[in-house]
Amino acid sequence: MTAAPLVKIDAETSTSAAKTSLAGLTRDGLKTALAAAGVPDKQLNMRVAQLWSWIYVRGLTSFDDMTDVSKDLRNRLGALYTLDRPEIVSEQVSIDGTRKWLLRLAKRGHEARPPEIETVYIPESDRGTLCISSQVGCTLTCSFCHTGTQRLVRNLEAEEIVAQIMLARDRIGDWPGAKGPDDGRLLPSSERKITNVVLMGMGEPLYNFDNVKAAMGVAADGDGLALSKRRITLSTSGVVPEIPRWGEEADTMLAISLHATNDALRDELVPINRKYPIAELMEACRNYPGLSNARRITFEYVMLKGVNDSLAEARALVKLLSGIPAKINLIPFNPWPNTRYECSDWETIERFAEVVNKAGYASPVRTPRGRDILAACGQLRSESARLSASERRAGAEKA
Ligand code: SAH
Ligand code: SF4
């Protein structure tokens with residue numbers, strides 16, 4: 001077989017001899033890769049199903065272990081492809097068990113250096129949440145967010161988004177210890193460590209709609225990674241036109257980074273508000289497909305000392321959300337170097353939470369996790385590209 005593999009990422013990868021990884025590909029991507037490896041058309045669906053299971057149910061990292069694939073095909077696959085994950089630049093473990101990985105992605109043609117992203121695993125008694133990135137950096141410049149100080153380097157490919165889940169499963173031992181299709185024990189979903197995925201890492205996922213959607217399709221595929229869509233949450237700063245589309249096409253849970261109850265303040269904190277003000281955002285939320293008391297939207301509200309934490313604002317928040325099946329998540333501000341904000345005092349947070357509680361929203365405060373390793377919400381940032389102070393100001397004005 002002499003034809004070059006035709007998978008999308010290969011065309012965009014640098015001209016180096018590095019082989020393309022199949023880890024993270026969609027079914028279509030895998031099909032293209034197998035066709036390029038010489039698998040005849042009529043065998044393609046069957047081979048895709050075989051590899052899909054090895055890759056996404058077993059988490060294999062070598063073609064050699066695929067016992068129901070002929071040795072000849074395994075060799076051909078091995079000559080053209082790998083099952084490599086992104087390279088781990090660093091892995092940090094917090095005193096609370098939170099883990100953060102800095103990952104280096106494969107460089108693409110035009111890139112001077114390989115981009116880096118962060119992924120965080122947060123273990124809790126009743127669940128394990130993986131917080132994944134959707135972009136390298138972010139085009140938006142929310143004034144309290146560390147990622148917002150970094151320019152957008154690029155969107156992540158679907159496979160780079162899925163690969164974060166696979167890498168985390170590798171590192172925390174969340175694949176079944178299987179030897180073959182019949183003698184291996186499949187982990188029942190109740191024993192899985194990663195039970196929830198949140199798109200709350202670096203980037204604005206609705207600005208990378210197609211790739212994030214394809215990636216969540218792989219994550220929720222019942223014959224593969226099999227995460228429930230009810231346990232996948234996309235968090236957006238409020239890209240209003242994409243919200244109904246996301247609900248219709250991807251149908252995951254939704255979180256909105258609200259952070260303010262009036263436009264003047266939200267314009268400052270979340271500059272995309274200048275384009276899509278609160279009233280439009282609320283309207284999109286009210287109409288989110290599938291919304292019900294069993295499927296509520298989470299509203300995130302970062303607690304910034306003296307900025308948005310008054311009791312009047314707590315009452316305004318409750319009023320703003322009335323009639324929307326909602327959860328409220330008060331996020332204690334997580335500081336990062338040189339930020340101008342401070343986290344509200346605990347007393348203030350408690351009083352704010354009490355108002356929210358009394359209005360019927362249970363346990364609204366999100367416990368900060370992994371702060372000691374800068375893994376908490378809004379602390380993620382890689383050195384892929386920094387924004388200068390003047391670029392930040394220009395970005396805020398543009399939004
Ligand atoms: N771009 C998306 C998802 C990533 S941010 C969004 O903005 O929704 C995930 C959450 O962390 C958002 O609610 C964001 O506003 C919040 N966040 C950002 N910086 C923070 C910080 N320093 N402390 C606490 N939360 C922060
Ligand atoms: Fe981007 Fe979200 Fe950070 Fe705003 S809060 S800068 S949208 S990552």
Side-chain angles (χ1 to χ4, degrees), residues 117-120 122 129-153 155-156 161 197-209 212 232-240 242-243 246 252-260 265-276 281 285 297-305 307-309 327-344 349 364-371 374-382 384-387 391-392 395-396 398-399:
I117 52 163
E118 292 190 316
T119 305
V120 177
I122 307 145
T129 303
L130 191 70
C131 177
I132 60 177
S133 294
S134 57
Q135 298 184 309
V136 185
C138 189
T139 47
L140 301 173
T141 51
C142 302
S143 53
F144 54 88
C145 173
H146 205 196
T147 310
T149 65
Q150 192 186 352
R151 82 172 76 218
L152 177 76
V153 176
N155 280 334
L156 294 188
I161 299 169
V197 165
V198 293
L199 284 149
M200 294 186 187
M202 291 159 61
E204 169 46 62
L206 291 184
Y207 277 159
N208 186 15
F209 192 102
V212 173
I232 297 176
T233 303
L234 175 135
S235 173
T236 179
S237 57
V239 187
V240 167
E242 302 291 17
I243 291 175
W246 180 263
T252 69
M253 304 303 277
L254 182 67
I256 302 285
S257 295
L258 189 60
H259 308 315
L265 181 58
R266 195 161 191 271
D267 283 353
E268 193 189 310
L269 298 178
V270 188
I272 197 179
N273 195 68
R274 296 176 199 173
K275 216 180 210 163
Y276 308 116
L281 180 58
C285 290
I297 296 178
T298 301
F299 288 87
E300 299 163 282
Y301 194 96
V302 64
M303 298 298 295
L304 303 170
K305 186 176 195 163
V307 175
N308 65 354
D309 60 356
K327 287 185 225 169
I328 295 178
N329 228 204
L330 303 178
I331 314 175
F333 170 65
N334 293 305
W336 37 272
N338 298 324
T339 176
R340 64 184 134 122
Y341 295 106
E342 281 177 74
C343 182
S344 310
I349 296 179
V365 185
R366 186 187 292 175
T367 316
R369 298 292 304 266
R371 269 186 174 179
L374 281 187
C377 298
Q379 293 184 314
L380 305 188
R381 185 178 183 281
S382 63
S384 286
R386 286 183 199 189
L387 278 187
E391 282 175 316
R392 251 169 93 64
K398 228 176 41 208

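Because the structure is predicted, anything quoted here is derived from the model rather than measured. Residue indices begin at 1 and follow the sequence shown. Remember, it's 1-based here, ligands and their atoms both numbered in the order they're listed.
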If you compare all heavy atoms of [X] against all heavy atoms of [Y], which two are closest, and at what distance to 0.1 Å?
{"X": "Thr149", "Y": "His146", "value": "OG1-O, 2.6 Å"}
{"X": "Val270", "Y": "Ser257", "value": "CG2-O, 4.4 Å"}
{"X": "Cys138", "Y": "Thr147", "value": "CB-CG2, 4.1 Å"}

Arg369 side chain reached by Cys131 side chain, heavy atoms, under 4.5 Å: no
Test item: Val197 and Thr233 side chains (from C-beta on) under 4.5 Å apart, heavy atoms: no
Candidate with minimal heavy-atom separation from atom 1 (N) of ligand 1, of Ser235, Gly203, Ser237, Cys131: Gly203
Is there a heavy atom of [X] sitting under 4.0 angstrom from any atom of ligand 1?
{"X": "Thr339", "answer": "no"}
{"X": "Trp336", "answer": "yes"}
{"X": "Glu204", "answer": "yes"}
{"X": "Met202", "answer": "no"}

Backbone or side-chain N or O of Ile331 under 3.5 Å from ligand 1 N or O: no
Per-residue contact class, [X] against ligand 1 - non-hydrogen pairs under 4.0 Å:
{"X": "Leu199", "answer": "backbone"}
{"X": "His146", "answer": "neither"}
{"X": "Glu300", "answer": "side chain"}
{"X": "Thr147", "answer": "neither"}
{"X": "Asn334", "answer": "both"}

[X] neighbourhood, listing ligand 1 atoms whose heavy-atom distance to it stays under 4.0 Å:
{"X": "Ser257", "result": "6 (C), 7 (O), 8 (O), 12 (C), 13 (O), 14 (C), 15 (O)"}
{"X": "Cys145", "result": "18 (C), 19 (N)"}
{"X": "Phe333", "result": "21 (C), 22 (N), 23 (N)"}
{"X": "Thr236", "result": "6 (C), 8 (O)"}
{"X": "His259", "result": "13 (O), 14 (C), 15 (O)"}
{"X": "Gly201", "result": "4 (C)"}

Straight-line distance of Leu234 CG to Leu199 CG, nearest 0.5 Å: 5.0 Å
Value rounded to 0.5 Å, distance of CD1 in Ile349 from OH in Tyr301: 11.5 Å
Sequence-distant partners of Glu268, side-chain contact (heavy atoms from CB on, under 4.5 Å), two or more places apart: Leu265, Arg340, Tyr341
Protein N/O/S atoms closer than 2.8 Å to atom 3 (Fe) of ligand 2: Cys145 SG
Evaluation steps, side-chain hydrogen bond (donor to acceptor under 3.5 Å, both in side chains), between Glu204 and Ser134: CA-CA 7 Å; Glu204 169 46 62; Ser134 57; over 6 Å; no
Sub-3.5 Å donor-acceptor pair from the side chain of [X] to the main-chain atoms of [Y], do we have one?
{"X": "Arg151", "Y": "Gly137", "value": "no"}
{"X": "Asn334", "Y": "Leu374", "value": "no"}
{"X": "Ser133", "Y": "Glu118", "value": "yes"}

Partner residues of Tyr207 under the ring pair (Phe, Tyr, Trp, His ring centres under 6.0 Å) criterion, sequence neighbours left out: none
Qualifying residues under ring pair (Phe, Tyr, Trp, His ring centres under 6.0 Å), relative to Phe299, sequence neighbours excluded: none
